[in-house]
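Below: the structure, in structure tokens.
In what follows, every heavy atom counts, from backbone to side chain, and hydrogens, waters and symmetry copies are set aside.
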Amino acid sequence: MITINGTLVADTDASITVSNRGYTYGDAVFETIRVNAGNILFWEDHYFRLMASMRILRMQIPSHFTLEFLQEEILKIIEANGLTAASARVKLIVNRNEGGLYTPTDNEISYVLTTRKLADPFYTLDEKPYEITLFKDHYIAADLLSTLKTNNKVIQVLGSIFAKENDFANCVLLNTNKQVTEALNGNLFLVKGTVIKTPPLADGCLKGILRTQLLRIIKKNPTYTLEEASISPFELQKADELFITNVVTGIQSVTKFRKKTYTTATAKKLIGLLNAAARLGV
């Protein structure tokens, strides 16, 4: 089952028109949300990021689009798909209503919710070989729009094709200043000794929900020193550890970049703390 503007419909009956602005112009934002046994992980962070993104894109936020309303919509689709006791991935897409060309007729919105079951009930660390490389065919703009989860993901699509064709698990994206921004599907963290470093939002990386969670966790942990600072591609080979984060997977350790291999000790510690935060719903 899929939710379209509050109405549950069968997957086979769900459709959009060819004039949908999310389809024709990428005029849409989305949230990918993890739900564990009816518990929406980090829901307030998701909600406030969505509201901020809609405001930046000058979408009209309906008065009923409250935190409680959307939470109920998410739980409704989870229940309709028989996933109340399972772990699930929910995708909430908000697009500006069709009408107009580049200039929209108005700024009112529609929304769609989809879901699918996940295998693991909590975050686990996959330690299988995971080799990455740089994607240098195209670059991310170091600006505010790059930090949003919009439907404009052509660079990620092309990078994913490049990774697949060259037998890499993932790629690192660079911005127009040739600094590291993120991986294809999540934020990137670098570990050197007790220092954990990640690119700042000013460099164009996604304002990821798991990134936000880990920043909070690391800041509270006296074992580590956190740095939000620009990362050059050269620094990746000097690191002890690299890992990628997103809300569905949690933490994915990188095992190899070029000739450099990495440990996973810090990721193992952080994933335990992340699961604890998820259980508390903070």
Side-chain angles (χ1 to χ4, degrees), residues 1-118 144-145 147-154 156-157 185 206-209 212 246-248 281:
M1 300 292 287
I2 291 173
T3 299
I4 301 178
N5 292 326
T7 301
L8 284 163
V9 298
D11 295 24
T12 52
D13 296 331
S15 63
I16 61 171
T17 72
V18 294
S19 299
N20 180 283
R21 293 186 64 87
Y23 168 73
T24 55
Y25 299 112
D27 191 3
V29 293
F30 68 94
E31 291 289 325
T32 304
I33 303 156
R34 184 175 177 121
V35 183
N36 288 351
N39 176 35
I40 306 173
L41 270 57
F42 318 124
W43 171 232
E44 286 193 2
D45 285 334
H46 278 291
Y47 176 77
F48 289 117
R49 182 175 69 172
L50 176 64
M51 294 300 103
S53 298
M54 291 174 69
R55 289 189 184 97
I56 291 167
L57 295 188
R58 303 176 72 87
M59 292 178 173
Q60 183 174 323
I61 301 173
S63 59
H64 68 275
F65 239 47
T66 63
L67 183 145
E68 293 78 13
F69 170 78
L70 289 175
Q71 177 176 310
E72 186 177 332
E73 289 290 277
I74 292 168
L75 295 178
K76 190 187 300 180
I77 194 173
I78 289 290
E79 182 179 0
N81 284 279
L83 298 173
T84 303
S87 291
R89 172 188 183 273
V90 174
K91 187 172 184 180
L92 167 60
I93 304 174
V94 177
N95 63 268
R96 204 183 320 263
N97 285 346
E98 62 185 69
L101 299 175
Y102 286 149
T103 305
T105 303
D106 58 54
N107 293 312
E108 295 184 357
I109 60 93
S110 297
Y111 68 95
V112 174
L113 282 161
T114 61
T115 188
R116 66 173 175 83
K117 187 176 182 179
L118 295 175
L144 181 61
L145 288 181
T147 70
L148 310 182
K149 293 201 77 167
T150 73
N151 276 21
N152 292 304
K153 295 295 180 183
V154 175
Q156 284 79 1
V157 170
N185 63 340
L206 177 70
K207 189 179 181 181
I209 297 301
T212 299
N246 66 55
V247 78
V248 173

Rounded to the nearest 0.5 Å, how far does [atom2] of [Y] lie from [atom1] of [X]?
{"X": "T7", "Y": "I2", "atom1": "OG1", "atom2": "CD1", "answer": "12.5 Å"}
{"X": "K76", "Y": "L8", "atom1": "NZ", "atom2": "CG", "answer": "6.5 Å"}
{"X": "I93", "Y": "T3", "atom1": "CD1", "atom2": "OG1", "answer": "12.0 Å"}
{"X": "I78", "Y": "N36", "atom1": "CD1", "atom2": "CG", "answer": "9.5 Å"}
{"X": "T66", "Y": "I61", "atom1": "OG1", "atom2": "CD1", "answer": "11.5 Å"}
{"X": "I109", "Y": "M54", "atom1": "CD1", "atom2": "CE", "answer": "4.5 Å"}

Closest non-hydrogen atom pair, [X] against [Y]:
{"X": "E98", "Y": "N20", "value": "OE1-N, 4.1 Å"}
{"X": "G22", "Y": "A28", "value": "CA-CB, 4.0 Å"}
{"X": "D11", "Y": "M1", "value": "OD1-N, 2.9 Å"}
{"X": "T32", "Y": "V247", "value": "O-CG1, 2.9 Å"}
{"X": "K117", "Y": "L83", "value": "CB-CD2, 3.8 Å"}
{"X": "T105", "Y": "G99", "value": "OG1-C, 3.0 Å"}

> With H46, which of L67, V90, I33 fulfils side chain to side chain contact (heavy atoms under 4.5 Å, CB included)?
Replying inline: I33
Mark yes or no for whether [X], through its side chain, and [Y], through its backbone, hold a donor-acceptor pair below 3.5 Å.
{"X": "N246", "Y": "N185", "value": "yes"}
{"X": "R96", "Y": "N107", "value": "no"}
{"X": "T212", "Y": "G208", "value": "yes"}
{"X": "N97", "Y": "S110", "value": "yes"}
{"X": "R55", "Y": "L50", "value": "no"}

> Can you list the steps and then say if T147 with L206 is a side-chain contact (heavy atoms from CB on, under 4.5 Å)?
Replying inline: CA-CA 4 Å; T147 70; L206 177 70; 5.9 Å; no
> Which pairs, with at least one residue in residues 79-95 and sequence neighbours excluded, count as a salt bridge (charged side-chain N to carboxylate O under 4.0 Å, His left out)?
Replying inline: none
>> Evaluate N95 against N151 for side-chain contact (heavy atoms from CB on, under 4.5 Å), listing each step before the verdict.
In response: CA-CA 9 Å; N95 63 268; N151 276 21; over 6 Å; no
>> Checking L113 against E73 for the side-chain contact (heavy atoms from CB on, under 4.5 Å) test, could you report, in this order, the C-alpha distance in whole Å, the side-chain angles of both residues, the deciding distance, and whether it holds?
In response: CA-CA 8 Å; L113 282 161; E73 289 290 277; 3.7 Å; yes
> Does atom OH of Y25 have more than 12 heavy-atom neighbours from other groups under 6.0 Å away?
Replying inline: yes
>> Just to verify, what does F65 make a ring pair (Phe, Tyr, Trp, His ring centres under 6.0 Å) with, not counting sequence neighbours?
In response: Y111
> salt bridge (Lys or Arg N to Asp or Glu O under 4.0 Å) with E31: which of R49, K207, K149?
Replying inline: R49
> Any side-chain heavy atom of V154 sitting closer than 4.5 Å to one from N152?
Replying inline: no
> Could you go step by step and tell me if V35 and I74 meet the side-chain contact (heavy atoms from CB on, under 4.5 Å) rule?
Replying inline: CA-CA 9 Å; V35 183; I74 292 168; 4.0 Å; yes
